[in-house]
Amino acid sequence: MHGLNERQLKAVLHTQTPTLVLAGAGSGKTRVITEKIAHLIRKHNYLPHHIYAVTFTNKSAKEMKERVHKLLKDDNSKGLNVSTFHNLGLNIIRREYKALGYKPNFSIMDAADAGQILKELMHKHTLDPEVLEGVQWDISRWKNAHLSAEQALEQAQDQQEQARALLYQAYQKQLKAYNAVDFDDLIGLPVSLFKEEPEILDQWQNRVRYLLVDEYQDTNAAQYALVKHLVGVQARFTVVGDDDQSIYAWRGAQPENLIQLKQDFPALELIKLEQNYRSSNRILQSANALIAHNPHVFEKSLWSEMGLGEPIRVIACANENQEAERVVSEIILHKFKHRSKNRDYAILYRGNHQARLIERALRENNLPYVISGGKSFFDHAEIKDVMSYLKLIVNPDDDAAFLRIVNTPRREIGTTTLEKLATYANQRGISLFDATQAFGITQLLSEKSLGRVQRFGELLLKWTKTADHAQGEEVVQLIRNLIEEIEYDNWLHETATSPKAAEKRISQVRELILWIERIIKKAEEEAGEAKTLATIVRHMTLVDMLERNESEQDHDMISLMTLHASKGLEFPNVFLIGMEEELLPHKQNLESPGLEEERRLAYVGLTRAQYSLTLTYANKRRKYGEDMTCEPSRFLYELPPELLQWEGKPGVEISQEEHLKHGNENLANLRSLLGG
């Protein structure tokens with residue numbers, strides 16, 4: 001525990017009562033958690049498998065586990081449970097599937113799979129799609145608030161809400177028939193189980209002897225209920241959070257869970273971490289002043305020993321094109337002056353659409369960049385389709401994969417047929433794939449429907465047998481042959497909005513195959529191992545896009561990301577663009593409580609910067625096909641004026657001549673730095 005400050009040490013050593021560590025940005029919260037885990041094992045004789053640490057991302061969980069291993073330097077951490085909330089929920093469901101009424105090979109539906117089920121249900125019940133627009137979001141919100149379909153129905157205020165709640169009810173029945181759960185169920189089902197089965201809860205409380213929770217301000221109602229159940233009356237836990245960094249209300253996060261803790265656990269010890277190890281004091285003082293405009297139950301003020309630091313620059317630009325050009329020219333100049341790397345710079349923005357012009361300016365100046373927080377490679381429908389075929393070939397019990405590709409390409413296997421198939425499979429405890437080949441199904445389906453279902457089952461059976469013997473390059477050829485046989489390229493052309501869109505989707509599939517090819521070649525070159533399709537699918541299923549972005553960030557590239565995606569990261573030099581009313585704060589959140597969350601979002605952006613921070617805004621921005629006048633963000637005026645260095649006056653348009661003059665000055669600076 002060498003090097004911990006006084007507050008950090010107190011947080012690590014306090015084990016007598018439940019503990020809330022209010023940890024400001026950059027205050028070393030991860031170190032506190034990992035040191036506390038080591039302390040519990042070394043000094044309080046906790047066995048590692050009785051300690052559970054929970055966070056929100058695979059990246060954070062991985063980092064935490066690695067740090068504990070380094071601290072203990074031996075096998076003392078073997079069996080330690082460090083995971084995301086959803087992985088913990090999944091482990092509970094895997095152990096208790098019988099009590100929950102599931103078969104052991106239950107599937108997890110992603111958002112796209114769930115959306116498809118809802119579409120089919122709406123069609124079946126001839127419901128108006130407009131009335132039920134956004135129902136998937138409502139169902140997720142209800143589940144995060146830990147409301148059952150029956151409770152949602154009871155609370156319905158009008159016919160529209162009633163229709164949504166009824167669809168929620170039908171959706172849950174359908175999931176159960178498919179022996180499947182969705183992402184939100186991974187938290188909701190364990191909570192329901194613990195409520196209804198005290199003996200099972202007692203077993204889990206005996207298993208979880210000490211619980212540590214990171215990013216506690218991001219928990220929703222269901223996650224808080226899970227924590228309360230697991231810690232029980234013994235209340236051996238430490239939660240770490242920062243109400244000023246709660247930016248996920250749109251997905252159910254409740255920063256008030258921090259306040260609720262004190263009410264539910266009166267013996268709670270509050271410890272504040274206010275010393276920041278990331279940023280200069282000028283940045284911290286600005287962030288403190290900004291967030292002070294939000295109401296607080298817990299007051300805190302960040303400070304640093306890193307000195308006052310550089311002035312915070314606020315740059316007014318004529319329009320969004322000049323903003324992009326100016327930011328890129330500033331990065332080029334700063335790089336030359338400080339001999340810094342591309343990876344030392346981050347450009348942050350409120351919405352993904354703001355990246356387009358920045359990308360263009362970076363490309364025109366041959367500056368490499370990586371975008372984080374955008375659409376994942378695995379989120380593309382065509383990648384999901386191909387991966388579902390491969391998953392089903394490797395594991396015929398994967399009902400989620402079966403349901404995704406049974407009509408992709410179209411095979412005219414209708415919803416009624418699938419319902420009969422699913423009910424039959426569930427009653428007999430077999431997979432949907434096995435049901436296609438079962439004799440009993442012949443009694444339930446019409447001759448035409450039976451033929452279609454059996455042909456699909458036979459196709460899968462053939463590829464499953466082929467995959468059993470394929471290794472190395474044979475795997476790649478198998479995938480190519482499969483895509484050709486199902487005429488997937490034709491299907492993409494049939495369903496795409498344009499030939500260009502179809503070609504783009506086809507190229508994504510080609511990229512997937514090339515990636516698989518690279519994995520196989522690498523395994524053969526480095527380990528002399530011939531990969532099977534099963535090992536390839538396992539490898540790719542475990543690839544998390546966050547980890548993929550991490551590996552990209554290891555290269556020397558400028559980072560582009562939304563403010564939401566930037567949370568938890570830090571960069572020497574940060575450019576926060578689009579500091580305008582209706583952009584940051586967003587036009588949908590100009591009233592409380594949305595405004596408070598927008599301010600927290602800006603606070604997160606400011607506190608990502610270590611040494612230099614530049615804020616930009618445009619006096620005009622193109623909206624709805626015409627140039628609209630923009631107002632500088634109110635957040636700029638909430639920062640201490642003596643800490644800011646303004647360039648350009650608010651509301652005064654910068655002329656092309658002034659913009660050209662600035663560009664020439666930058667060019668002159670570069671020439672002098674290069675010696676002529």
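Just so we're clear, the structure is a prediction, and the values are computed from it rather than from any experiment. Side chains included, hydrogens not; waters and symmetry mates left out as well; all remaining heavy atoms used.
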I need the minimum non-hydrogen distance between Q610 and E570, along with the two atoms involved. NE2-OE2, 3.4 Å
Please determine, by modelled atom types, if Q217 and Q245 share a side-chain donor-acceptor pair under 3.5 angstrom. no
Would Y617 and L636 count as a side chain to side chain contact (heavy atoms under 4.5 Å, CB included) if you check the C-alpha gap in whole Å, the side-chain angles of each, and the deciding distance to 0.1 Å? CA-CA 10 Å; Y617 67 90; L636 290 173; 3.8 Å; yes
Between S280 (side chain only) and M306 (backbone N and O only), is there a donor and an acceptor less than 3.5 Å apart? no
Is K300 salt-bridged to E274, going by a charged N under 4.0 Å from an acidic O? no
Under 6.0 Å between ring centres: does that hold for Y603 and F635? no
If you take all heavy atoms of Q354 and I577, which pair is closest and at what distance? NE2-O, 3.8 Å
Close side-chain approach of K43 to T15, heavy-atom, < 4.5 Å: no
Any side-chain donor-acceptor pair under 3.5 Å between N91 and Y52? no
Test side-chain hydrogen bond (donor to acceptor under 3.5 Å, both in side chains) applied to D243 and Y216, step by step: CA-CA 9 Å; D243 50 344; Y216 194 72; over 6 Å; no
Any idea how F56 and F85 line up, ring-wise: parallel (<30°), tilted (30 to 60°), or perpendicular (>60°)? tilted
Passes side-chain hydrogen bond (donor to acceptor under 3.5 Å, both in side chains), S148 versus Y168? Steps please. CA-CA 9 Å; S148 67; Y168 175 19; over 6 Å; no
Distance-only side-chain donor-acceptor flag, E96 / W204, under 3.5 Å: yes
Ion pair check, E597 and R600, cut-off under 4.0 Å: yes
Can you find a pair of side-chain heavy atoms, one from E582 and one from Q588, that are under 4.5 Å apart? no
For A61 against T55, the heavy-atom pair lying closest together: N-CG2, 3.5 Å
Can D244 and R599 be counted as an ion pair, charged N to O under 4.0 angstrom? no
With no hydrogens and no angle check, do the side chains of N573 and S612 hold a donor and an acceptor under 3.5 Å apart? yes
Is it true that H146 and N220 share a donor-acceptor pair across their side chains at a distance under 3.5 Å? no
Less than 4.5 Å apart, any side-chain heavy atom of P18 and any of T238? no
Would you say S140's side chain and W137's backbone share a donor-acceptor pair under 3.5 angstrom? no
Specify the closest pair of heavy atoms between H586 and E598, including all atoms of both residues, with the distance to one decimal. N-OE1, 3.0 Å
S301 and N288 side chains, donor-acceptor separation under 3.5 Å: yes
Short side-chain donor-acceptor distance under 3.5 Å, N281 and Q285: no
Closest heavy-atom pair, M579 versus L615, reported as atoms and distance to 0.1 Å, is CG-CB, 4.2 Å
Q8 versus K36, side-chain donor and acceptor atoms under 3.5 Å: no
Between D218 and K567, is there a side-chain N and carboxylate O pair less than 4.0 Å apart? yes
Indicate whether the side chain of N206 and that of R209 have a donor and an acceptor atom separated by less than 3.5 Å. yes
Between K29 and E215, is there a side-chain N and carboxylate O pair less than 4.0 Å apart? yes
Mutual orientation of the aromatic rings belonging to H86 and F183 [parallel < 30°, tilted 30-60°, perpendicular > 60°]: parallel
Could you tell me whether the side chain of I41 reaches within less than 4.5 Å of the side chain of L72, counting heavy atoms only? yes
Of all the heavy-atom pairs spanning L584 and A602, show the shortest one and how long it is. CD2-CB, 4.2 Å
Salt-bridge criterion met for R634 and E581 (N-O under 4.0 Å): yes
Can S279 and Y611 be counted as having a side-chain donor-acceptor contact under 3.5 angstrom? no
Neighbour count >12 (heavy atoms, 6.0 Å) for atom CD, Q16: yes
